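To start, the structure under review is shown below, and the notes come after it.
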Amino acid sequence: MDFAYDARTEELREQLLAFMDEHVYPAEPVLAAQLADPDRDRWAVPPVIADLQAAARKQKLWNLFLPGELGAGLSNLQYAPLAEITGRSIQLAPPALNCAAPDTGNMELLAQFGSAEQRERWLRPLLDGRIRSAFAMTEPEVASSDATNIETRIERDGDAYVVNGRKWYITGAMNPDCRILIVMGKTDPAAEPHRRQSMLLVPRDTPGVTVRRGMTVFGYDDADHGGHAEVLFEDVRVPVGNLIGEEGTGFAIAQARLGPGRIHHCMRAIGIAERALELMCRRASERVAFGKPLAEQGVVQDWIAESRVRIEQLRLLVLKTAWLMDTVGNRGAHTEIQAIKIATPRTVEWILDKAVQAHGAAGVSQDTPLAQLWAGNRTLRLADGPDEVHKRSLARRELRQYRR
Ligand SMILES: Cc1cc2nc3c(=O)[nH]c(=O)nc-3n(C[C@H](O)[C@H](O)[C@H](O)COP(=O)(O)OP(=O)(O)OC[C@H]3O[C@@H](n4cnc5c(N)ncnc54)[C@H](O)[C@@H]3O)c2cc1C
């Protein structure tokens, strides 16, 4: 067992760390100022992100997430430590490198399942960072963690599909640069449960698509990355050529999309935890209460030590998962993918909570990134499958071997 990163990963890590120091961290106050500008177009991506994208492209720090010829050609094991670094500045670094969700998952999906025409029309501009995209599955009316519940109808009518339904929490869809929605809906409600759904490409400007409002997350609008939209589809007609794959394959495609997406979230979240630990250590070293720095209190040392131990445990599990995905495939890494999806958000939540506590009131204020990081990380226990759903399926697989 070799715990070292390979030469290509090391080279990219060094390059990316330098990029973070030179471009990304100095851009954090610029982003804050641009977001606070009362005259800004609320849902447009702040211009500092386009500046960073130009700098990243020049250095070929671009599409690192995408394996194969279309992307940087990295394995999961090579990309994982790079995703972690981008998590240290979660609002800026992933979009700067064209490595932010949900576009990453959508690009993977189109690369894997899109027709040549769909790839040319939508994947190419996404890879170039010229447009943005959204993935529309969740519905307010039904428990969407069980995808078989999805009620949106996709009905064939001559050479078109007609879509009717309501979705919400569709990340990125408030962004005016978001041009394409990948919509999940039922094409055949009478088929067996996992063959009822299909996926359809719906341009955001198609008549009948109404982007109604931006949903908030603990009060944050997440406008810097396109918000989370409620979207209404009323008799929306698109050509039959917009179907991804075949009718009835929507569920299978959704599952394939989520594997890599989950590991990316987890690696970035470890970067968030590292940033939180750094902030906690700095604050505890500087802040004096009852005659000594907070860092000299045993309880604070316990938070710091526990945070380090938990981060190391998480990283090892995530890297093992990445290695399994590379060697035995996403299916073979099913248990581990679920394990990291369960373990990472809750552990990072614990570390963020301690970092908030060490900061006192400042920890919940807008003057440190901690409150917003906590809010964003908390949603990872719901999004891409709630904890309980992953535990249910992991436990069932574990129990299968004991069945008589
Ligand atoms: C910030 C954010 C961004 C999102 N982005 C997107 C997006 O871009 N596109 C998209 O389509 N969706 C998105 N979502 C939606 C997200 O994927 C769903 O919220 C999630 O799948 C859960 O579905 P639901 O909200 O309908 O909860 P429900 O399905 O109603 O579940 C509610 C709760 O029930 C419990 N539960 C469910 N099943 C079980 C079980 N078997 N055993 C025990 N308990 C159970 C869980 O605690 C769960 O949290 C986003 C959500 C958030 C918060």
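As the structure is a prediction and not an experimental result, all values here were calculated from the model. The residues of the chain are indexed from 1 along the displayed sequence. As the structure lists them, so they are numbered: ligands from 1, and atoms in each ligand from 1.
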Geometric cation-pi criterion, R310 with W350: 6.0 Å, 45°: yes
Any N or O of D146 closer than 3.5 Å to N or O of ligand 1: no
M137 neighbourhood, listing ligand 1 atoms whose heavy-atom distance to it stays under 4.0 Å: 10 (C), 11 (O)
Atom 25 (O) of ligand 1: any protein heavy atom closer than 4.0 Å: no
W168 N/O to ligand 1 N/O under 3.5 Å: no
Among S393, G376, A143, P386, closest by any non-hydrogen atom to atom 48 (C) of ligand 1: P386
Atom indices of ligand 1, in the order listed, that fall short of 4.0 Å to a heavy atom of R392: 41 (N)
Proximity of V389 to ligand 1 by residue part, where a heavy atom lies under 4.0 Å: side chain
S144, portion touching ligand 1 at heavy-atom distance under 4.0 Å: both
Atom 32 (C) of ligand 1 protein-contacted, heavy-atom criterion under 4.0 angstrom: no
Donor-acceptor pair, side chain of T347 and main chain of A343, under 3.5 angstrom: yes
Option with minimal heavy-atom separation from atom 36 (N) of ligand 1, where the choices are M215, R378, K391, E388: E388
Ligand-side contact atoms (ligand 1) for residue partner F135, heavy atom cut-off under 4.0 Å: 7 (C), 8 (O), 9 (N), 10 (C), 11 (O)
Within 6.0 Å of CZ in R396, more than 12 heavy atoms from elsewhere: no
Interfacing atoms of ligand 1 (cut-off 4.0 Å, heavy-atom, V217): 1 (C)
Atoms in ligand 1 flagged as close to V142, the criterion being non-hydrogen separation under 4.0 Å: 26 (O)
From R13, R268, R315, residue fulfilling side chain to side chain donor-acceptor pair (under 3.5 Å) relative to E84: R315
Side chain, backbone, both or neither: H228 near ligand 1, heavy atoms under 4.0 Å: side chain
Test side-chain contact (heavy atoms from CB on, under 4.5 Å) applied to L200 and V236, I244, T152, V163, the passing residue: V163
